[in-house]
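First the structure, in the form of structure tokens, and then the observations on it.
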Amino acid sequence: IDGEAKGKLASEYNFTLDLNTSFNGNDSLYAQLVQGNQGDLVMDSAESTSNFAVGSLFYSFPVGDFQITAGPLLDADDVISATTSIYSDAFRLSAMPWGIDGDVTGTGAAVSWANDSGLNASFSAIAVDGSDTSVGIFTRGSADHYVASLGYDADNYGGGIILTNDDNTTSNEDTSFGAGIYFRPDGFPTISVAYDSLDPGASGTADSSSFMIGMDYEVGPGTASAAYESRDTTGTTTSNYEVYYNYPVNDGVAVQGGVFVEEVSGADDKTGIVVETFFSF
């Protein structure tokens, strides 16, 4: 990494164990165990849990055209029906950082709906303090997070909107609104364009926004990806660029390498070269 790291070399790892159990073929009990040491270099795969821990735990089942999900460890992005981007999001950048926030986890419930016409909708409610009996679930004193989405998906294009309401960090209610569209033209790169905004709620605090465009294209046996994001956070503008290639060695091993550049107003630019190896079984 070049920048404040001054060209230093580092090595990080993470381990994730996903367990899926079905009792009747239509339902699913999902449990995720995670552990990792990733810190300053935040990649999409990053985990910074020092001890092996349960990261997710929830149960899903269908009721007609609806899918019901509930559990003690539900991420805010586990049930979002709208597809606002089909960019691979497998390196550093991802669309809609506030609307699709997987860092918000707690006791929660969600419902999603979709029909054959391509329309879909979802709603999730997460109580971050759900395990605290002195606070309770969805009470006046609890820290809660709500996510609503509406989308449409066709064969080669689609999009959606996501609205969140969040009081899990301050006494002021943060709200975000985002929208995105994607195109999947035959013989051309897939293109995703997304915009996300955050109103922190606190008086005198500036709004934040993010605009991102990403492309994926099959090159040889693998996939080449590139993205650009412009983010304005409380008056600080950051321009992010990334280019990377994912090469599947076989069904269980993939190697991914790429370059990212981060330009922050009033600070040194940061450039990084990252090579990752994924093992799945």
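Since the structure is predicted, the reported quantities are computational estimates derived from the model, not experimental observations. Along the sequence shown, residues are numbered consecutively beginning with 1.
At a cut-off of 3.5 Å, with distance as the only test, a side-chain donor of S176 or T164 sits close to an acceptor on the other residue. Side-chain polar atoms of T175 and N165 form no donor-acceptor pair below 3.5 angstrom. One side chain, D153 or N120, offers a donor N or O that lies under 3.5 Å from an acceptor on the other. For the residue pair S149/S81, the side-chain donor-acceptor check at 3.5 Å is satisfied.
Between the side chain of D65 and the main chain of A114, no donor-acceptor pair closer than 3.5 Å is present. Q256 contributes no side-chain N or O that, together with a main-chain N or O of P248, makes up a donor-acceptor pair within less than 3.5 Å. Between the side chain of D129 and the main chain of D132, no donor-acceptor pair closer than 3.5 Å is present.
Going from atom CZ of F23 over to atom OG1 of T21 covers 6.0 Å, rounded to the nearest 0.5 Å. Annotation: the span from D101 atom CG to I126 atom CD1 amounts to 10.5 Å, rounded to 0.5 Å. Atoms CZ and CD, on R92 and E229 in that order, are 10.0 Å from each other to the nearest 0.5 Å. Interatomic distance, L74 CG to T105 OG1, rounded to the nearest 0.5 Å: 8.0 Å. Distance check: T84 OG1 to M96 CE gives 4.5 Å after rounding to the nearest 0.5 Å. Atom CG of residue N240 and atom OG of residue S210 lie 8.5 Å apart, to the nearest 0.5 angstrom.
Applying the side chain to side chain contact (heavy atoms under 4.5 Å, CB included) test between S225 and each of F91, Y244, Y245 identifies Y244 as the sole match. Screening S60, S112, S124, S122 for a side-chain hydrogen bond (donor to acceptor under 3.5 Å, both in side chains) involving T69 leaves a single residue, S60.
Ring pair F123/Y146 is parallel by interplanar angle, where below 30° counts as parallel and above 60° as perpendicular. Between F52 and F15, the angle of the ring planes lies from 30° to 60°, which puts this pair in the tilted group.
Between Y59 and F61, a ring centre-to-centre spacing shorter than 6.0 Å is recorded. Y228 and Y241 have their aromatic ring centers within a separation under 6.0 angstrom. The six-membered or imidazole ring of Y30 lies near that of F58, with a centre-to-centre distance under 6.0 Å.
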* **Chi angles and distances behind the side-chain hydrogen bond (donor to acceptor under 3.5 Å, both in side chains) call for S88, D216** => CA-CA 7 Å; S88 50; D216 296 299; 2.9 Å; yes
* **Candidate pair T236 and D232, rule side chain to side chain contact (heavy atoms under 4.5 Å, CB included), full reasoning** => CA-CA 5 Å; T236 299; D232 189 340; 5.7 Å; no
* side-chain hydrogen bond (donor to acceptor under 3.5 Å, both in side chains) evaluation trace for D27 with S22 -> CA-CA 5 Å; D27 62 344; S22 179; 3.0 Å; yes
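One hydrophobic cluster, built from ILVMFWY side chains closer than 4.5 Å, cannot hold both F188 and M215; they sit in different ones. No continuous path of ILVMFWY side-chain contacts below 4.5 Å connects W113 to V79, so the two sit in separate hydrophobic clusters. V111 and L119 fall within the same hydrophobic cluster, defined by Ile, Leu, Val, Met, Phe, Trp and Tyr side-chain heavy atoms under 4.5 Å apart, directly or through other members. Cluster membership check: Y217 shares its hydrophobic cluster with Y247, using side-chain heavy-atom separations under 4.5 Å among Ile, Leu, Val, Met, Phe, Trp and Tyr.
Surrounding CG of N115 are more than 12 heavy atoms belonging to other residues, nucleotides or ligands, all under 6.0 Å away. More than 12 heavy atoms of other residues, nucleotides or ligands lie within 6.0 Å of CG in N24, so this atom counts as buried by the packing criterion.
A salt bridge does not link K270 with E263: every distance from a Lys NZ or Arg NE/NH1/NH2 to an Asp or Glu carboxylate oxygen is 4.0 Å or more.
For Y182, there are no ring pair (Phe, Tyr, Trp, His ring centres under 6.0 Å) partners at least two apart in sequence or on another chain.
The minimum heavy-atom distance linking N156 with D186 is given by the pair OD1-OD1, 4.1 Å.
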